[in-house]
Amino acid sequence: MAEAADFQGTSPSPAHRWLRRTGALLAGVPLLAGVLQLPASPAAHAAETASVAAASGSRTVDVSLDSLSPSAPTDGDTITVSGSLTNKGKQTVTDAHVGLRVGSALSGRVAIDDAAERTGFQPGLDPLEVSGKYVQKFSALPAGVSQRFSISVPVKELDLGSDGVYQLGVSLSGQTSVEPWEHVLGIERTFLPWQPESVDKKTKTTYLWPLISTVHLRAETGSDAQQTPVFQNDDLAKEIAPGGRLDQLLSLGGDLDVTWVLDPDLLASVDAMTRSYQIQDGDTTTAGKNQAVAKEWLDKLEKTVSDKEVVALPFADPDLASLAHHGKDVTGSLSHLKDATAVASDTVDTIIHVKPETDFAWPVDGAIDPSIVKVATSAGADKVITRSDSLRETGGLTYTPSAARPIGGGTTAVVADVRLSTEFQGDMTKAENSTPAVQEFLSQALALNLQEPNEQRSIVVAPQRMPSVSQAQTMATAVKALQNGNWSDTQGLSAAAKAKPDPDATTRIPSAHSYPSSLKKQELQRGDFETIQKTQRSLDNFKVILTDKSRVVTPFGRAMDRGMSTSWRGRATQGQTFRDGVRTYLYDLTGLVKLIKKSDAKLSGRSATIPVTVQNNLVQGVHHLVLRLTSKQPTRLKIGNGAYDEQPIQVAGEHSQSVKFTTSAKANGPVTVSAQLFTEDGQAYGPDVRFEVKVTEITPTVMLVIGGGVLLLVLAGFRMYTQRKRAAARQAEEERGTTPDAEDGTEAGVTGEDGVAGPNGVNGLNGDAAGTVDTVEDTERSKDGPDGESTTEDGADAPEHPSDPAPDTAPESTDPSGTGERVDR
C-alpha cells in the first residue's frame, strides 16, 4: 500500500523541514517544465525534487497496485499496471495523474529487502517518471473517493538495462488548494524481474505443495461391524468441496510441477467420509452426507499425483519440536512417533495407490536444534527440512548456497530459503497485497540466480503448512511464473537432498537457546504427553482381553497420534479437550467389561458357593481374564483352600457369565469379600466389587436339636404307617361283620404295638394321646376309596385333596448341607 512522503500528523525531520522551506520559495516561481511535460533533464529532476519536498507531511493518496502483467516480461512485451487510488485527505486533488517510475537495477537480495521496507516518496532514491505520455490523468480526486487506473507501457520504453531486478514505482502527482503545485501525493512500489534471455545455469528449484489439515476425526467409532467413524464437525467436507481450501490446493497444484507433501491422516479422514459416517456436535449426532464429495476429491488427488513426487509426513503430522522439548522423557512418546511413521506409507499407498517418500522430517517453520534433529531422526527419517533463518550462514558467503547440508550422523539438512518460503504468509485476500508478493518472490529468485550465474544451485521453498485459499492462489501464480521464467528449472525434493552440498555452507546445528520463543510458546506441554501416556497404558491393559484387538488398537493408536499433531499449535484448549476425550472414551469402553455389584449375603452352613457375575457389553468377546475372590478374614471365611481363589473368565460379546466360588466357614461374624478382575499378566482390570458375608457357624447344640427333630419325624411317620394299616384291617372286618377288637378282646381304639395296650391307654411306641390317633385315623378314612381301600400306596406322599397338584421338587434332604448350597442373598 502506498503512502505519501510523510505520515499525516507526524512531525517532519529537520531535513524535511529544510526541504519544505526550499519548496515554499520555489513554489512562487513559474515552472513550465511540468506543465509542458518536456523530456526529463537534470534541471527538471531538481525542480521536481524541490516540489515534492514541499509536499512532505501533506495529506496522502493511497495507491494500490492490483495487477502487473506479465510478471516477468521479456523483449517485445507490454507491461500493464492496474490498481486504485483513494484520496484519504480532506481536500480534493486536482490536475492529477498516475505515472510509472523505474530506477536502476538493484544490487542483490539485501537491496531488495531494503527497497521493500521503504515507505513514502523519497527524492533522490525514487527515479523520474517514465515518458510523460504513459500516464493516466484525473481532473479531480475528491476526498474519500476511490478511482481505478490502468497504465500500459512497452518494455522498451522502460529503458531496462542489464539483467536484474528493478524497482517499479506507481505514483500519483497532483495539487490541492492548500498546496497549489504539482507534487507526489502517493506512491506504491513493486519489483520487476528482467531476464529476457535464458541463462546457462538455471537454479534448480523445489517447491513443496502441502496438503495438510487439522484433526477432524474423533476417537469414537460406531459399535457396528463397520465401526462407523465419527467426526467432530463437518469442516473437512467444506475444505474438500468445490471451492474449498483443500479443493483449491489440489486444483492449483495440479497445474504446477511441485513436490506434494501429504499428511496421511488427511487421506484417512477423507477416505472415512466415503462410507457411512457420523458428525457429533456436542450432544447432537447426525449422519454425514458428503460421501460423493469425498470420493471425487480422492479420485482427483490420485490422478493429480500419480506421476509426481509425494512425501508423506508421519501420520497426523506429529509436533517434532514439542516432542523434543517436552515429550521425549515421557515414556512411550517416541514410540508413537515411530508408529506414526510406520503407518504413513501404507496409508497413502492404500488410499491413492502411490508409494510416497517417508524419510523426510519437517519441524514447524523449519526451526531446529540438536534435540529436534535427534527426535526427528529417531523414527527413521534421515533428512530434516529446515530453513535458512534457523540454520544460518556464518561463513560470510556472498551467495545463497544449495539446500543440502550434511549435519552429521548420516543426516542431511534440507535448508529452505526463508525469503521465498515466507513470501505468502500475509493477507493475500487483497490484490494490493498479493500482486507485490508475487513480484518480490520472482525478483528474489532471479537475484539468487544472479549471485553466482556460473554455478548451478539447488534451492528449496517450504511455505506455510496450511495455506489459505487466497495464499494458495497467490503461490500458484508465483510458481507458474517462475517455472515459465528463464532462470529456474524444477527439481524434486529427493533430488535436492541428494545434490552436491556447498563445502563452505554452514552445517552446524543451532543451539537450543536459538529456538524462537514465539514458537516455543505454542508447543504441547509435558502434561499433554502424560495424558497420552495414561491413555496408552489403559489401551495396553485393555487389548490383552479382546478377541479382536484391531477394533480398538488401530483407532485408538491413530487417535493418540492425532493428540500430538502440529495442528494443535495455537489451539491449546482444543488440543487438551481432544486428548481428554480420547482417554475418557477408552475408559468408558473398558468399563463395559465389569463385575455386577453384589448385595450382602448370609452363610448359614459350614460350606456354600458364592456366585459372581461378569458382564461384557462389548460387541466382541473377551478372554485372558482372571476373576479373583478374596476373603479379608480367611480365619473366619475361606475362599477355596485359602484367602482367595481364582477362575479364568471368557465371555462372549453382549453376554454375562456367573462364576461360583466354594467357601467354608470357620467362625461366626461378618466378613468382607472382594471380587476383582485381573489380566493374565496380573494387572488389575477395573474396580473391585466388595460385599459382606455374615457367617453363622453350626454348633454341636444346634446339631443335637436338629438330630432330635429328625428322629421325631421318623417316629411320626412310622406311627402314621401302622395306624393306616390298622384302619385298613378294621374296615375289612366290618365288611365281614366282625372287628379285630372283638376277636382279640382288647379295648377298641386304644392299642399298642402288636395289639398290646400300653399304660394309661396310650400307644407304647410314642406316648401320644388317644385323640391324636383318632384324628389320624379319621384323616386316613377320608382317603379310602369306594371299596374301602386307600387310593394311594402305603407310605406314598400323595396330595391331601384330589385337586392339589403333585410336588414338582423332590423332598428336602435331611442330610447336612453340601458344598453346592447357595448363599442366602
Q. Does the pair Arg457 and Gln451 meet the rule for a side-chain contact (heavy atoms from CB on, under 4.5 Å), with working shown?
A. CA-CA 10 Å; Arg457 285 162 290 156; Gln451 289 173 339; 3.1 Å; yes
Q) Restricting to pairs with a member in residues 410-422, which pass side-chain hydrogen bond (donor to acceptor under 3.5 Å, both in side chains), not counting sequence neighbours? A) Arg109-Asp417, Asp113-Arg419
**Q.** Trace of the salt bridge (Lys or Arg N to Asp or Glu O under 4.0 Å) decision for Lys430 with Glu432
**A.** CA-CA 5 Å; Lys430 298 179 179 179; Glu432 63 187 69; 5.3 Å; no
Any side-chain donor near an acceptor of the partner, [X] and [Y], under 3.5 Å:
| X | Y | value |
| --- | --- | --- |
| Glu393 | Thr506 | yes |
| Glu440 | Thr190 | no |
| Gln248 | Gln473 | yes |
| Ser71 | Gln439 | yes |

Approximate separation, where rounding is to 0.5 Å, of [X] [atom1] and [Y] [atom2]:
| X | Y | atom1 | atom2 | answer |
| --- | --- | --- | --- | --- |
| Arg245 | Asp235 | CZ | CG | 11.0 Å |
| Arg189 | Glu117 | CZ | CD | 12.0 Å |
| Asp389 | Asp365 | CG | CG | 8.0 Å |
| Leu320 | Thr377 | CG | OG1 | 10.0 Å |
| Leu298 | Leu266 | CG | CG | 8.5 Å |
| Ile240 | Leu211 | CD1 | CG | 11.5 Å |

Whether [Y] and [X] form a salt bridge (side-chain N of Lys/Arg under 4.0 Å from carboxylate O of Asp/Glu) is what I want to check.
| X | Y | answer |
| --- | --- | --- |
| Asp257 | Lys308 | no |
| Asp263 | Arg465 | no |
| Glu455 | Lys201 | no |

Does any part of the side chain of [Y], heavy atoms only, come nearer than 4.5 Å to the side chain of [X], both counted from C-beta?
| X | Y | answer |
| --- | --- | --- |
| Phe360 | Val261 | no |
| Thr477 | Leu252 | no |
| Thr285 | Val230 | no |
| Val373 | Asp369 | no |

Q | Aromatic Phe231 / basic Arg218 pairing, under 6.0 angstrom, 45° off normal | A | no
(Q) Could you walk me through whether Asp265 and Arg562 satisfy the salt bridge (Lys or Arg N to Asp or Glu O under 4.0 Å) test, starting with their C-alpha distance in whole Å, then the side-chain angles of each, then the deciding distance to 0.1 Å, before giving a yes or no? (A) CA-CA 8 Å; Asp265 180 34; Arg562 295 182 181 107; 2.8 Å; yes
(Q) Pair Val469, Met428 - check side-chain contact (heavy atoms from CB on, under 4.5 Å), show working. (A) CA-CA 9 Å; Val469 171; Met428 298 291 115; over 6 Å; no
Considering all heavy atoms of both residues, which atom of [X] and which atom of [Y] are nearest to each other, and what is their separation?
| X | Y | answer |
| --- | --- | --- |
| Ala294 | Thr274 | CB-CG2, 3.7 Å |
| Asp77 | Thr74 | OD2-N, 2.7 Å |
| Asp66 | Ser84 | OD2-N, 4.1 Å |
| Ala447 | Gly108 | CB-C, 4.4 Å |
| Pro70 | Ile79 | CD-CA, 4.4 Å |
| Ala462 | Trp362 | CB-CZ2, 4.0 Å |

Side chain [X], main chain [Y], donor-acceptor under 3.5 Å:
| X | Y | value |
| --- | --- | --- |
| Ser468 | Gln471 | yes |
| Thr386 | Gly366 | yes |
| Asn433 | Asp427 | yes |
| Ser322 | Leu524 | yes |
| Tyr277 | Asn290 | yes |
| Ser402 | Ser458 | yes |
| Arg558 | Ala340 | no |
| Arg392 | Ser388 | no |
| Gln195 | Asp163 | no |
| Asp489 | Lys202 | no |

Q.
Applying side-chain hydrogen bond (donor to acceptor under 3.5 Å, both in side chains) to Thr203 and Thr205, what does each step give before you reach the verdict?
A. CA-CA 6 Å; Thr203 303; Thr205 306; 5.4 Å; no
Does atom [atom1] of [X] have more than 12 heavy-atom neighbours from other groups under 6.0 Å away?
| X | atom1 | answer |
| --- | --- | --- |
| Asp200 | CG | no |
| Lys300 | NZ | yes |
| Asp299 | CG | yes |

Q) Can you check side-chain hydrogen bond (donor to acceptor under 3.5 Å, both in side chains) on Glu309 and Ser494, steps first, answer last? A) CA-CA 8 Å; Glu309 182 177 20; Ser494 296; 2.4 Å; yes
Q | Full working for side-chain hydrogen bond (donor to acceptor under 3.5 Å, both in side chains) between Gln232 and His216 | A | CA-CA 6 Å; Gln232 300 183 87; His216 295 282; over 6 Å; no
Q: Using side-chain contact (heavy atoms from CB on, under 4.5 Å) as the criterion, list what pairs up with Ser82, not counting sequence neighbours.
A: Ser67, Thr80, Arg148, Ser150
Q: For Trp209 and Thr259, run side-chain contact (heavy atoms from CB on, under 4.5 Å): C-alpha distance rounded to whole Å, both residues' side-chain angles, the deciding distance at 0.1 Å, then the answer.
A: CA-CA 6 Å; Trp209 200 259; Thr259 295; over 6 Å; no
**Q.** Candidate pair Ser345 and Glu357, rule side-chain contact (heavy atoms from CB on, under 4.5 Å), full reasoning
**A.** CA-CA 8 Å; Ser345 179; Glu357 301 289 338; over 6 Å; no
Q | Phe441/Phe424 aromatic ring centres below 6.0 Å | A | yes
